[in-house]
Chemist: 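Sharing a structure below in structure tokens format, with a few things to ask.
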Amino acid sequence: MIEIACSADAPYLPHVSVMLHSVLTRTPTRPLRVWLTHDTELPEEGRQRLQAVVEGQGATIEYVTVPPALMAGFSTKKFHAACWHRILLPDLLPQVDRILYLDCDIIVADDLTPLWETPLAGALFGAVCNPLFPLMRNWPKQDLGLDDPLDYLNSGVLLLDLRALRRVGLGDQLRDYSLRHPDRLLPEQDALSDLMRGRWLKLHPRWNLQTTFYDLPAWLLPFPRQIVREALARPAVIHYNGPFKPWQYLCKHPLRGLYFDHLQQTPWPRQPLERSSLPYRLIKPLPVTLQYRVFELRKLWRRLRSLFGRLASAFRPA
């Protein structure tokens, strides 16, 4: 049986439904069980819709509530608390020895059985490198000390040896890391890359084909060009990582339509695209790399405005 883990709160139930529909229709020959983690109450209607998608394809689904006590110590300053659920799976699922974790912003385009059967050969988990855009600050090297870009992983697809991870106490290690480094840019991804260096298996990028493969020329990616060609020719897991998702106005991903193909086969009707207001329409014609820069400047402006607001409050007469 293939064990799949994912995480979603109420607004993301349509997206996790799309992802799971793609998994189930592309991997029909193996029994499959889904474990969905959540830390807020899911609406009953949403649970029933999701269950209909999973059970309609002959699989089963289990809902796993993450206790607040288990989240103690994990930084949630920059990302939703759910980003930590994947590294808590060894503790949340003591009855499971191996699991494949998948983010919600994913479409599976090929049978997952070969990935599931990949020998980890003593590694704690398998993952794919996370390439950066050239305009981004190289925080894996500057903050984490990772000189080789292939040593920085993407946590959106993880083949986890839960038994081995329980043995090394992954949850406790990462909780301690989070307490020491609460301001990491991508909390659990940075922590995994930093703490688990040399202890994870590098998977072929076709198992987590990220947006950078479509937005950048091959020579700017940290993989041999033959590997890039193989991944683009036969993607197995398409990951719409980054700020532009298929359900948002600015998304230009060439395989965006796959998301809507699967959405139409779920109980969720198609909704208007998010982020379609005038500011987003104005930057739509810009190249993707410049759109990323606009988003970074926007984040910086918000942080500065918040800082000035706090300073003004501190010096305001009582």
Side-chain angles (χ1 to χ4, degrees), residues 1-8 12-13 15-38 47 49-64 66 82 85-128 153-167 170 192 200-210 231 234-241 258-259 261-262 265-266:
M1 174 180 289
I2 298 179
E3 307 276 8
I4 299 288
C6 51
S7 181
Y12 260 70
L13 286 177
H15 309 314
V16 78
S17 172
V18 169
M19 182 272 287
L20 289 173
H21 185 272
S22 72
V23 170
L24 295 166
T25 53
R26 291 295 184 177
T27 312
T29 59
R30 294 284 295 267
L32 193 146
R33 176 166 55 180
V34 175
W35 302 87
L36 187 137
T37 63
H38 59 98
R47 290 167 66 112
R49 288 183 178 185
L50 182 58
Q51 198 157 325
V53 171
V54 173
E55 295 180 351
Q57 297 292 329
T60 59
I61 185 168
E62 304 285 347
Y63 295 94
V64 182
V66 180
H85 290 185
R86 69 202 74 188
I87 60 89
L88 292 173
L89 289 170
D91 302 317
L92 292 169
L93 303 177
Q95 70 276 45
V96 180
D97 289 336
R98 170 182 278 226
I99 205 160
L100 177 60
Y101 172 83
L102 298 172
D103 267 350
C104 295
D105 55 345
I106 273 173
I107 289 294
V108 172
D110 203 353
D111 191 341
L112 290 178
T113 302
L115 173 59
W116 174 253
E117 294 177 345
T118 299
L120 288 174
L124 297 174
F125 59 89
V128 174
L153 62 86
N154 181 275
S155 62
V157 178
L158 297 171
L159 180 62
L160 301 165
D161 183 339
L162 297 186
R163 186 188 307 179
L165 292 169
R166 282 190 285 270
R167 190 166 58 247
L170 177 70
L192 279 173
W200 56 281
L201 176 70
K202 295 178 173 66
L203 301 172
H204 194 290
R206 72 181 295 262
W207 296 115
N208 185 356
L209 195 61
Q210 298 154 64
R234 194 183 169 205
V237 178
I238 300 155
H239 190 184
Y240 306 103
N241 61 325
L258 293 177
Y259 170 86
D261 291 344
H262 287 282
Q265 300 178 72
T266 73

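Residue numbers start at 1 and run along the sequence shown.
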Chemist: Where is the tightest heavy-atom contact between Val54 and Leu24, given as atom of each residue plus distance?
Modeler: CA-CD1, 3.7 Å

Chemist: Does the side chain of Leu102 come within less than 4.5 Å of Leu112's, by heavy atoms?
Modeler: yes

Chemist: Atom CG of Leu89 and atom CZ of Arg166: how far apart are they, to the nearest 0.5 Å?
Modeler: 10.0 Å

Chemist: Before giving the answer on side-chain contact (heavy atoms from CB on, under 4.5 Å), spell out for Leu93 and Glu3 the whole-Å C-alpha distance, their side-chain angles and the decisive distance to 0.1 Å.
Modeler: CA-CA 11 Å; Leu93 303 177; Glu3 307 276 8; over 6 Å; no

Chemist: Which heavy atom in His262 sits nearest to a heavy atom in Val18, and how many Å separate them?
Modeler: CB-CG1, 3.7 Å

Chemist: Working to the nearest 0.5 Å, report the span between CG of Leu120 and CH2 of Trp200.
Modeler: 12.5 Å

Chemist: For Ser17 and Leu50, indicate whether the former's side chain and the latter's backbone hold a donor-acceptor pair under 3.5 Å.
Modeler: no

Chemist: Minimum heavy-atom separation for Ala123 and Leu201, please, with both atom names.
Modeler: CB-N, 3.7 Å

Chemist: Looking at Gln57 and Val53, would you say the former's side chain and the latter's main chain have a donor-acceptor pair under 3.5 Å?
Modeler: no

Chemist: Judged by atom type as modelled, is there a donor-acceptor pair below 3.5 Å linking the side chain of Arg163 to the main-chain atoms of Asp97?
Modeler: no

Chemist: How long is the span from the CG atom in Leu153 to the CG atom in Leu203, to the nearest 0.5 Å?
Modeler: 10.0 Å

Chemist: Any sub-3.5 Å donor-acceptor pair from Asp103's side-chain atoms to Asp105's backbone N or O?
Modeler: no

Chemist: Does Leu192 reach the side chain of Phe125, with side-chain heavy atoms less than 4.5 Å apart?
Modeler: yes

Chemist: With distance as the sole test, does Arg98 use its side chain to make a donor-acceptor pair with the main-chain N or O of Trp116 at under 3.5 Å?
Modeler: yes

Chemist: For residues Gln265 and Asp261, report the shortest heavy-atom separation together with the two atoms involved.
Modeler: NE2-O, 3.1 Å

Chemist: Evaluate the side-chain contact (heavy atoms from CB on, under 4.5 Å) criterion for residues Tyr240 and Leu258: first the C-alpha distance (whole Å), next the side-chain angles of each, then the deciding distance (0.1 Å), finally the verdict.
Modeler: CA-CA 11 Å; Tyr240 306 103; Leu258 293 177; 4.0 Å; yes

Chemist: Apply the test side-chain hydrogen bond (donor to acceptor under 3.5 Å, both in side chains) to residues Arg86 and Ser155: give CA-CA distance (whole Å), side-chain angles for both, the deciding distance (0.1 Å), then the verdict.
Modeler: CA-CA 9 Å; Arg86 69 202 74 188; Ser155 62; 3.1 Å; yes

Chemist: For the atom pair CG (Leu88) and OG1 (Thr37), what is the distance rounded to the nearest 0.5 Å?
Modeler: 8.5 Å

Chemist: Report the C-alpha distance between Trp207 and Leu159 in whole Å, list the side-chain angles of each, state the deciding distance to 0.1 Å, and finish with yes or no for side-chain contact (heavy atoms from CB on, under 4.5 Å).
Modeler: CA-CA 10 Å; Trp207 296 115; Leu159 180 62; over 6 Å; no

Chemist: As a test of understanding, state which of Val128, Asn208, Ile107 forms a side-chain contact (heavy atoms from CB on, under 4.5 Å) with His239.
Modeler: Asn208

Chemist: For His38 and Tyr12, what are the C-alpha separation, side-chain angles and deciding distance, and is it a side-chain contact (heavy atoms from CB on, under 4.5 Å)?
Modeler: CA-CA 11 Å; His38 59 98; Tyr12 260 70; over 6 Å; no

Chemist: How close do Ala8 and Leu36 get, counting heavy atoms only, and between which atoms?
Modeler: O-CD2, 4.1 Å

Chemist: Taking the side chain as everything from C-beta on, heavy atoms only, tell me whether Ile99 gets closer than 4.5 Å to Leu158.
Modeler: no

Chemist: Tell me the closest heavy-atom pair linking Cys6 and Met19, and the distance in Å.
Modeler: CB-CE, 3.8 Å

Chemist: For the residue pair Tyr259 and His15, categorise the inter-ring angle as parallel (less than 30°), tilted (30 to 60°) or perpendicular (more than 60°).
Modeler: tilted

Chemist: How far does CG of Leu13 sit from CG of Leu20, to the nearest 0.5 angstrom?
Modeler: 10.5 Å

Chemist: What is the distance from atom CG of Leu162 to atom CG of Leu124, rounded to the nearest 0.5 Å?
Modeler: 11.0 Å

